[in-house]
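Order of the sequence lines sets the chain letters (A, B, ...), proteins ahead of strands, with each chain counted from 1.
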Amino acid sequence: MDMVRIGYACVNTELPTSSRTCRLASATPERVIELGRENLRALADILRWNERHGIAVFRISSGIIPLASHSVVRGIPWAERLADDLGAVGDLIAASGARVSMHPGQYTVLNSPRPEVVSASLFELEYHAHLLDALGTGPEAKIVLHLGGVYGDQAASMERFASNFARLSTSVRSRLVLENDEKSYTASSILDLSARLGVPVVFDVFHHQYNPSLKNLSTRQIIQRCGVTWQPVDGPQKLHYSDPWPGKPAGSHAQTVDLQAFARFYDLIAGLNLDVMLEVKDKQASVMKVMAYLGA
DNA sequence: CCGCGTCAAGTTCAT
DNA sequence: ATGAACTTGACGCGG
């Protein structure tokens, strides 16, 4: 049993697309249900592929139910209509022991000063939890979120996050984990809020390089400090890893993993129990590359 | 049928 | 001002 498991996000580039969607203007109930069905079947294909290739960690795309949190789509009873396909995916997750998670997009900003942005974010987070609930997963199936904006006052913005967090359902609160970002909120800030809310911390190695903190600690020590925020019910500690894309603006993810750099990182986490999410453009190919390299 | 402009939504930073 | 970055390219109009 491996201590470190490695996974990828949303798309398997060897399989047909998993993300059918539609325009808001064409989002009729029948259309959304049909696209959701196709997306769930494609997700089942990915999970079977993962199991065959020994990949246990996977991030489910937020777009499974297109436009799910939008007011036009919100009332559509997709969980009932798609119960069979949701059950099939849930069975695959349970049978394969896959660790799944989700990661809402850049538009989910729980600490915005704008009430309509917060409201949309609450709906979006509830949709993520609803989907993970419908798949029969427990609180180890995490929803990874960035803290949000700063708006010129970081302390007040963290305060707003805390008060809006309290408005979330038990399901979202049991699944939510906070990630450091490359511009505003350092691992140190995230750990502060984590201590207050009792929410685990996903350490993103790449973001930490651009937006460092806790400079008296080694990277390994920071990872261990984040590890303390994970309780047994949360599942193994999760961590994000990626490389920069040379020549592209800071923050953009590389086409493929750099094996040399990953090997150095792997030495640094030796002996820790981690689920590592690889954020690279070539997805499963990089995971296979790394697993082959480590197995060799 | 194919090319390509556009798509629900926020915030920040670099040019 | 504009574009690009972030979890993910696909939809669908016009020729």
Exercise for review: Would you please test A/R264 and A/D267 for salt bridge (Lys or Arg N to Asp or Glu O under 4.0 Å) and show each step?
Suggested key: CA-CA 5 Å; A/R264 285 193 296 276; A/D267 284 343; over 6 Å; no
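- Going from the P atom of C/dA4 to that of B/dT6 covers 14 Å, rounded to whole Å.
- Straight-line distance between the P atoms of C/dG12 and B/dA8: roughly 9 Å, to the nearest whole Å.
- Of the P atoms belonging to C/dG3 and B/dG5, the separation is 13 Å, rounded to the nearest Å.
- Nucleotide B/dA9 holds its P atom 18 Å from the CG atom of A/L122, rounded to whole Å.
- Against DNA chain B, the stretch residues 69-81 of chain A makes heavy-atom approaches under 4.0 Å through A/S69, A/H70.
- Relative orientation of the A/H146 and A/H103 rings is tilted, given thresholds of 30° and 60° on the angle between their planes.
- Paired regions of DNA chain B, where each region holds three or more successive Watson-Crick or G-U pairs whose two hydrogen-bonding distances fall under 3.5 Å, are B:1-7 with C:9-15, B:10-15 with C:1-6.
- Between the P atom of C/dA5 and the OH atom of A/Y210 lies a distance of 12 Å, rounded to the nearest Å.
- Below 30°, between 30° and 60°, or above 60°: for A/Y8 and A/W49 the angle between ring planes is above 60°, a perpendicular geometry.
- Distance A/L132 CG to C/dT7 C1': 14 Å, rounded to the nearest Å.
- Between the side chains of A/Q284 and A/H53, not a single donor N or O lies within less than 3.5 Å of an accepting N or O.
- Under the 4.5 Å side-chain contact rule for hydrophobic residues, A/L40 and A/V11 do not share a cluster.
- Put simply, A/V144 and A/Y127 are part of two different groups of oily side chains (I, L, V, M, F, W, Y) that touch within less than 4.5 Å, one to the next.
- A distance-only check finds no donor-acceptor pair linking the side chain of A/Y293 to the backbone of A/A263 [under 3.5 Å].
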Revision key, fill the gap. Going 5' to 3' through nucleotides 8-15 of chain C and flagging B where a protein heavy-atom sits under 4.0 Å of the base, S where only the sugar-phosphate is that close, and - otherwise, we get BSBBS---
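- For A/E116, the CD atom counts as densely surrounded, since its 6.0 Å shell holds more than 12 non-hydrogen atoms of other residues, nucleotides or ligands.
- A/E126 places its CD atom 22 Å from the P atom of B/dA9, with the value rounded to the nearest Å.
- Between the side chain of A/N50 and the backbone N or O of A/V57 there is no donor-acceptor pair closer than 3.5 Å.
- The nearest whole Å value for the distance from the CD1 atom in A/I65 to the P atom in B/dA8 is 18 Å.
- An OP1 or OP2 oxygen of B/dT11 is reached within less than 4.0 angstrom by a side-chain nitrogen or oxygen of A/S112.
- Here the P atom of nucleotide B/dA9 and the CG atom of A/L67 are 10 Å apart, to the nearest Å.
- For DNA chain C, the residues of residues 146-162 of chain A within the heavy-atom distance limit of 4.0 Å (strictly under) are A/H146, sorted by number.
- Here A/E34 does not pair with A/R31 in a salt bridge; the nearest charged N to carboxylate O distance is not below 4.0 Å.
- The stretch residues 9-32 of chain A participates, sequence neighbours left out, in no ring pair (Phe, Tyr, Trp, His ring centres under 6.0 Å) pair at all.
- Aromatic pair A/Y210/A/F206: centroids less than 6.0 angstrom apart.
- By the salt bridge (charged side-chain N to carboxylate O under 4.0 Å, His left out) test, A/R20 pairs with A/E38, sequence neighbours left out.
- With C1' as the reference atom, B/dG3 and C/dT7 are 28 Å apart, rounded to whole Å.
- Across the protein-nucleic acid pair, A/E124 atom CD and B/dA9 atom C1' stand 9 Å apart, rounded to whole Å.
- Here the P atom of nucleotide B/dT11 and the NZ atom of A/K183 are 14 Å apart, to the nearest Å.
- Looking at heavy-atom distances under 4.0 Å, A/L24 makes contact with sugar-phosphate atoms alone, never a base.
- The ring of A/H208 has its center closer than 6.0 angstrom to the ring center of A/F203.
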